[in-house]
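Small disclaimer: the values here were computed from a predicted structure and weren't measured. By convention here, the first residue in the shown sequence is residue 1.
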Amino acid sequence: MIPHEYIEELVRRSDIVDVVGSYVQLKRKGRLFSGLCPFHSEKTPSFYVYPETQSFYCFGCGAAGDVINFIKKIDSIDYPEAVKLLAGRAGMPEPAENDQTGRLRSRILSMNKEAARFFYACLNSSAEEAAQARAYWRRRGLDDRTIARFGLGYAPNNGSALYNHLRDKGYTQQELDASGLFKRSQSGRPYCLFWKRVMTPIFDLRGNIIAFGGRVLDDSKPKYVNSPETLVYHKSETVFALQLAKKSSSRRFVLCEGYMDVISMQQAGIDTAVCACGTALTPDQVRLIGEYAEEVILSYDSDEAGQKATLRSLELFRNSPVKVGVLQIPGAKDPDEYIKKYGADRFRALLDGVGNALDFRLERIKGKYDLKQDAQRLEYVREAVELLASGSTPTEQEVYAGRLAEETDISKTAILAQLETAARRAGAKRRSALQRELLHSGEMDTIKVPYQAGGRQALGVASAEQNLIAAILREPGYLERAAKELPPEKIVMPEMREVYEAMLACRAEGAEIGFSVLGQRISEKAMQELARVTAQNSEVPCTPEDVRMYLDRIARGTPRASQAAGMSMDEMQAYFQSMREKKGVPSGEE
């Protein structure tokens with residue numbers, strides 16, 4: 001771990017209100033600050049910053065933590081990188097790499113850079129296979145400048161060449177095994193994961209090479225081989241070429257299906273082309289793209305697989321703040337082929353005339369039906385109306401109702417009447433889902449005990465544990481009393497037990513009891529729970545008498561299997577309401 005003294009000084013120099021305020025427009029609300037959450041789409045602020053504990057919490061999506069966690073999450077970097085970024089901002093020297101994991105991470109990044117140089121040198125060597133690799137890139141329409149810009153290369157038909165090269169550079173066997181660049185044969189002999197393949201390096205947002213993608217020169221199988229997950233590469237959180245696209249003055253990003261589409265677009269001057277790493281787009285990648293883009297155009301292949309991927313991506317972007325359009329590519333199977341056939345100017349014209357998500361969805365629905373048949377026309381209208389009722393504005397409903405009327409020869413009045421009924425039904429479903437979500441956001445839903453516990457008893461103990469932990473975080477002096485009377489194994493809730501044990505460890509080492517020091521010792525799940533509990537108790541005063549009451553409640557209240565079976569639904573709802581009123585939860589935080 002990074003020394004706690006360093007973390008404490010870093011946090012003192014990195015006020016969370018100032019740091020978060022450089023990313024989010026914050027407004028003061030009493031002792032707190034609020035704003036629109038940068039981690040999910042919302043219209044009413046549910047994101048709060050707490051200067052007293054130097055923490056943040058979103059009541060909408062649960063994002064939580066301290067200033068280091070905020071930077072880690074907003075910039076999609078790991079903990080040590082977030083510390084380094086804040087250190088630079090605060091004018092502090094970077095922390096010394098004194099932990100084994102940190103050193104290994106640094107060595108893997110260095111090794112990847114050396115491997116990329118090796119692949120690039122192999123591509124430009126005089127060997128016959130290198131000439132074939134260069135010819136492949138030429139056939140794909142790439143010039144020397146693009147090849148150099150993306151660091152494209154070639155892995156030779158020799159499974160030991162890269163291994164021997166890196167061993168000669170001084171990398172240890174442990175480092176080579178952790179790099180993801182090598183596998184072992186049945187006899188235990190290491191060999192390169194990539195051989196006889198053209199190579200594409202994958203960069204993170206800071207320009208570090210974190211992984212590789214390799215493709216065969218012909219159509220043999222497997223066609224593609226990609227780096228596995230490593231200390232430095234998490235494919236579900238990585239967007240290819242985002243380190244380039246984020247520098248563009250344009251906020252309109254083009255999301256493609258593969259590396260080659262991206263490289264071809266970038267060479268054609270479309271400098272916001274990116275693609276997801278991995279087999280499918282993920283919520284983390286959507287959030288990451290949304291941090292830099294105001295509009296995203298989905299530009300997937302025109303085959304059925306590409307169209308299905310478009311529908312999946314539209315669902316993921318549904319709750320994103322970015323505007324989403326869908327590009328239809330006539331006369332070509334993908335953007336790379338279209339650009340080669342018709343040129344970059346015509347492709348840019350396609351982008352300028354892109355249709356929106358509703359157009360794409362409705363066209364997909366329409367394609368399922370024969371509109372010459374009355375029954376299928378009615379079914380088309382029914383399905384289209386359901387879509388419009390659940391995912392469009394009143395203005396869009398008016399426009400598309402007119403379009404449906406023209407397509408089906410059904411009156412616009414009848415379609416609008418059907419749409420109004422469907423909209424009421426969809427609204428009722430949303431309200432019901434929200435009510436269920438609220439019900440399961442209360443304290444009862446956080447209790448995880450390894451036995452059948454009585455509802456009221458468990459709820460009371462859990463509440464006491466949470467209130468005690470929140471009190472200690474605000475006033476660390478309370479830990480002295482708790483340490484004398486409360487062993488960690490008495491804590492029922494796993495996350496609260498984890499936090500309490502970390503607090504005791506900090507006390508033993510003389511470290512501050514705060515979010516940032518605790519953050520190195522507890523899991524992300526425990527950190528999120530700690531932030532939630534702290535946020536909910538931020539306006540609740542706590543006295544020594546309260547701490548005494550919490551300790552007594554925990555001591556006498558451990559649930560037993562023989563106790564009552566739990567609360568009724570009405571009792572739980574009444575309890576949640578009383579807790580909201582008692583704690584004065586601000587409007588919008590439910």
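- Using modelled atom types, one finds no donor on one side chain facing an acceptor on the other under 3.5 Å when comparing T282 with D284.
- Using the six-membered ring where Trp is involved, F59 and Y57 have ring planes that are perpendicular, over 60° apart on the 30 and 60° scheme.
- Heavy atoms from other residues, nucleotides or ligands lying under 6.0 Å from NZ of K412 number more than 12.
- Between I68 and A82 the shortest heavy-atom distance is O-CB, 3.8 Å.
- The shortest heavy-atom contact between L162 and C192 is CD2-SG, 3.8 Å.
- Qualifying ring pair (Phe, Tyr, Trp, His ring centres under 6.0 Å) partners for Y259, counting only residues two or more places apart in sequence or in other chains: F240.
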*For the pair L255 and Y300, evaluate side-chain contact (heavy atoms from CB on, under 4.5 Å) and give the outcome as yes or no after the intermediate values.*
CA-CA 8 Å; L255 182 57; Y300 292 161; 3.5 Å; yes
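- For residues 225-239, there are no salt bridge (charged side-chain N to carboxylate O under 4.0 Å, His left out) pairs, not counting sequence neighbours.
- The minimum heavy-atom distance linking C275 with C256 is given by the pair CB-O, 3.4 Å.
- With values rounded to the nearest 0.5 angstrom, I270 atom CD1 is found 5.0 Å from I339 atom CD1.
- In this structure, the separation between CE on M111 and OG on S106 is 10.5 Å, given to the nearest 0.5 Å.
- No donor-acceptor pair under 3.5 Å is formed between the side chain of E129 and the backbone N or O of P156.
- Contact detail for Y233 and P228: the closest heavy-atom pair is CD2-O, 3.3 Å.
- Looking at E529 and K525, no side-chain N of the basic residue comes within less than 4.0 Å of a carboxylate O on the acidic one, giving no salt bridge.
- Within the structure, every pair that satisfies the salt bridge (charged side-chain N to carboxylate O under 4.0 Å, His left out) test and touches residues 287-306, not counting sequence neighbours, is listed here: R287-E291, E304-R364.
- A salt bridge (charged side-chain N to carboxylate O under 4.0 Å, His left out) check over residues 246-274, counting only residues at least two apart or in different chains, returns the pairs R252-D352.
- With rounding to the nearest 0.5 angstrom, the CG atom of D66 is 10.0 Å from the CD1 atom of I71.
- Using a 4.0 Å cut-off between a side-chain N of Lys or Arg and a carboxylate O of Asp or Glu, D177 and R184 qualify as a salt bridge.
- Annotation: the span from I210 atom CD1 to R105 atom CZ amounts to 12.0 Å, rounded to 0.5 Å.
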*Applying side-chain contact (heavy atoms from CB on, under 4.5 Å), run through N112 and V232 and close with a yes or a no.*
CA-CA 10 Å; N112 285 342; V232 301; 4.0 Å; yes
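- When every heavy atom of P45 is checked against every heavy atom of S34, the shortest pair comes out as CB-OG, 4.4 Å.
- Remark: F56 engages F47, F70 in a ring pair (Phe, Tyr, Trp, His ring centres under 6.0 Å) (not counting sequence neighbours).
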*Yes or no on side-chain contact (heavy atoms from CB on, under 4.5 Å) for F317 and L298, after CA distance, side-chain angles and deciding distance?*
CA-CA 10 Å; F317 274 105; L298 302 181; 4.1 Å; yes
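- Inter-residue side-chain proximity for R134 and L123 is flagged as met; some heavy-atom pair is nearer than 4.5 Å.
- Exactly one residue among E379, E383, E407 makes a salt bridge (charged side-chain N to carboxylate O under 4.0 Å, His left out) with K366. That residue is E407.
- The closest side-chain heavy-atom distance from I289 to V322 is not below 4.5 Å.
- Inter-residue side-chain proximity for S313 and Q285 is flagged as unmet; no heavy-atom pair is nearer than 4.5 Å.
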*For salt bridge (Lys or Arg N to Asp or Glu O under 4.0 Å), just list the numbers for R403 and E406, CA-CA rounded to whole Å, side-chain angles, deciding distance to a tenth of an Å, and then say yes or no.*
CA-CA 5 Å; R403 185 180 300 179; E406 292 176 4; over 6 Å; no
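- Of the listed residues (Q376, R377, K372), just one forms a side chain to side chain donor-acceptor pair (under 3.5 Å) with D374, and that residue is R377.
- In this structure, S264 contributes its side chain and M260 its backbone to no donor-acceptor pair below 3.5 Å.
- At a threshold of 4.5 Å between non-hydrogen side-chain atoms, the residues L166 and L181 count as touching.
- Here the side chain of Q397 pairs no donor or acceptor atom with the backbone of L416 at under 3.5 angstrom.
- Put simply, the side chain of S248 never gets that close to the backbone of A245: no donor and acceptor are under 3.5 Å apart.
- For the atom pair T310 OG1 and E315 CD, the distance stands at 12.5 Å (nearest 0.5 Å).
- Residue pairs meeting the salt bridge (charged side-chain N to carboxylate O under 4.0 Å, His left out) criterion with at least one partner in residues 332-345, sequence neighbours excluded, are R140-D336, D336-K340, E337-K341, D345-R348.
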*Give the intermediate values and the outcome of side-chain contact (heavy atoms from CB on, under 4.5 Å) for residues I263 and T146.*
CA-CA 8 Å; I263 296 170; T146 298; 3.5 Å; yes
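- With values rounded to the nearest 0.5 angstrom, R117 atom CZ is found 14.0 Å from C122 atom SG.
- Inter-residue side-chain proximity for L351 and L327 is flagged as met; some heavy-atom pair is nearer than 4.5 Å.
- Around CG of D370, the count of heavy atoms belonging to other residues, nucleotides or ligands within 6.0 Å exceeds 12.
- Other residues, nucleotides and ligands contribute at most 12 non-hydrogen atoms within 6.0 Å of the NZ atom of K43.
- Here the closest heavy-atom approach between residue F194 and residue N226 is recorded as CZ-C, 4.1 Å.
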*Tell me, with the steps shown, if Y136 and Y154 meet ring-ring contact (aromatic ring centres under 6.0 Å, His included).*
CA-CA 10 Å; Y136 172 85; Y154 175 68; 9.9 Å; no
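- Here the side chains of E175 and I108 are not in contact, with every heavy-atom distance at 4.5 Å or above.
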_Working for salt bridge (Lys or Arg N to Asp or Glu O under 4.0 Å), residues E420 and R424_ = CA-CA 6 Å; E420 184 180 354; R424 282 200 301 269; 3.4 Å; yes
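- Using a 4.5 Å heavy-atom cutoff, the side chains of I329 and P335 are in contact.
- Two residues are said to be in side-chain contact when any heavy atoms from C-beta on lie closer than 4.5 Å; Q267 and I147 fail this criterion.
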